[in-house]
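Read the structure below first, then the notes.
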Amino acid sequence: MTSEGKPRALDVAELTAPGDVPSADVVEMAHRRRRHQDRLAGTVRGLPPEETVTADGSDAIAALVLGTAITVQLADEQPLLFREALRHGRAWSEIGTAAGLSADQARAAYIAWAADLDEPEHAQALRLAG
């Protein structure tokens, strides 16, 4: 809930496909995903243990949808973080390790992302790539 007491779009959205997820922060999506997982486990934080919650298949689908949306958002942010690391003098070996990739894989992913940039951002990104 927002400070005005109104539900956020993410809290009221019916989630059956990744496109159903409204624009939201990864942390907000992770919190809602946790609520669906708790319902599936029969527990909800804040309720006494003797009170149970009945989940249905929509909780499983919503948790899957949110997991996919989180993965996509993180993947979209990764090249931007590569660029920031390069701007701060980090090496491809460090960036690759941090991303769970080889240095060559990280550099290739960054260059592929940079190919979609307009000038002068494209040229700047390639300069950073080395």
Side-chain angles (χ1 to χ4, degrees):
M1 291 272 182
T2 63
S3 60
E4 297 85 35
K6 298 176 187 173
R8 296 173 296 194
L10 180 62
D11 291 329
V12 296
E14 183 178 337
L15 304 175
T16 59
D20 296 339
V21 179
S23 179
D25 182 86
V26 169
V27 173
E28 292 173 8
M29 288 189 280
H31 284 289
R32 173 140 183 213
R33 186 172 193 251
R34 171 53 56 197
R35 287 197 314 264
H36 288 290
Q37 290 173 311
D38 287 347
R39 286 176 55 90
L40 289 166
T43 61
V44 174
R45 296 171 208 284
L47 287 181
E50 63 275 4
E51 288 190 42
T52 60
V53 176
T54 304
D56 60 27
S58 66
D59 285 303
I61 296 300
L64 288 167
V65 165
L66 288 161
T68 300
I70 290 166
T71 300
V72 167
Q73 187 165 335
L74 291 174
D76 288 348
E77 293 171 358
Q78 193 172 43
L80 300 171
L81 294 172
F82 286 0
R83 181 172 58 187
E84 288 307 308
L86 291 167
R87 284 181 176 161
H88 288 89
R90 302 318 280 249
W92 280 116
S93 59
E94 294 175 287
I95 295 167
T97 298
L101 304 168
S102 71
D104 289 341
Q105 289 170 324
R107 188 173 185 279
Y110 177 76
I111 289 171
W113 167 79
D116 292 333
L117 298 176
D118 293 329
E119 292 298 339
E121 261 193 299
H122 178 260
Q124 292 169 349
L126 291 181
R127 275 194 298 279
L128 281 172

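Side chains are part of it too, since the values below use all heavy atoms of this structure and drop only hydrogens, waters and symmetry mates.
For the side chain to side chain donor-acceptor pair (under 3.5 Å) condition, the pairs that include at least one residue of residues 64-73, sequence neighbours left out, are Gln73-Glu77.
Across all their heavy atoms, Ala125 and Ala114 have their closest contact at CB-CB, 3.7 Å. Scanning all heavy atoms of the two residues, the minimum distance from Arg107 to Ala129 falls at NE-O, 3.1 Å. Considering all non-hydrogen atoms of both residues, Ala69 and Met29 come closest at CB-SD, 3.7 Å. Between Gln78 and Ala99, the closest heavy-atom pair is NE2-CB, 3.3 Å.
In this structure the side chain of Gln124 never reaches within 4.5 angstrom of the side chain of Leu128, judged on heavy atoms. For the pair Gln37/Leu66, no side-chain contact is recorded, criterion being any heavy-atom separation below 4.5 Å from C-beta on.
Take Thr16 and apply the side chain to side chain donor-acceptor pair (under 3.5 Å) test, not counting sequence neighbours, and it matches Asp20. Every side chain to side chain contact (heavy atoms under 4.5 Å, CB included) that Glu28 has, sequence neighbours left out, goes to Arg8, Leu10, Ala24, Asp25. For Tyr110, the ring pair (Phe, Tyr, Trp, His ring centres under 6.0 Å) partners two or more places apart in sequence, or in a different chain, are Trp92, Trp113. Listed by chain and residue number, His36 satisfy the side chain to side chain donor-acceptor pair (under 3.5 Å) test with Arg32 (two or more places apart in sequence, or in another chain). For Ser102, the side chain to side chain donor-acceptor pair (under 3.5 Å) partners at least two apart in sequence or on another chain are Gln105. Listed by chain and residue number, Phe82 satisfy the side chain to side chain contact (heavy atoms under 4.5 Å, CB included) test with Ala109 (two or more places apart in sequence, or in another chain). Judged as a side chain to side chain donor-acceptor pair (under 3.5 Å), and not counting sequence neighbours, the contacts of Glu94 are Arg90.
For the atom pair OG (Ser93) and CG (Asp104), the distance works out to 10.5 Å, reported to the nearest 0.5 Å. Note that NE2 of His88 is 11.5 Å distant from CD1 of Ile95, once rounded to the nearest 0.5 Å. Put simply, NZ on Lys6 and CG on Asp11 are 14.5 Å apart, with the number rounded to the nearest 0.5 Å. In this structure, Ile61 CD1 and Glu14 CD are separated by 11.5 Å, a value rounded to the nearest 0.5 Å.
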Please list every donor-acceptor pair under 3.5 Å in which a side-chain atom of residues 115-122 meets a protein atom from a residue at least two apart or in another chain.
residue	atom	partner	partner atom	Å
Glu119	OE1	Ala123	N	3.4
Glu119	OE2	His122	ND1	3.2
Glu121	OE2	Arg83	NH1	3.1

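The cluster map of Ile, Leu, Val, Met, Phe, Trp and Tyr, joined by side-chain heavy atoms under 4.5 Å apart, puts Leu64 and Val72 in different clusters. Linking ILVMFWY residues whenever their side-chain heavy atoms come closer than 4.5 Å, directly or via other members, leaves Leu74 and Leu101 in distinct clusters.
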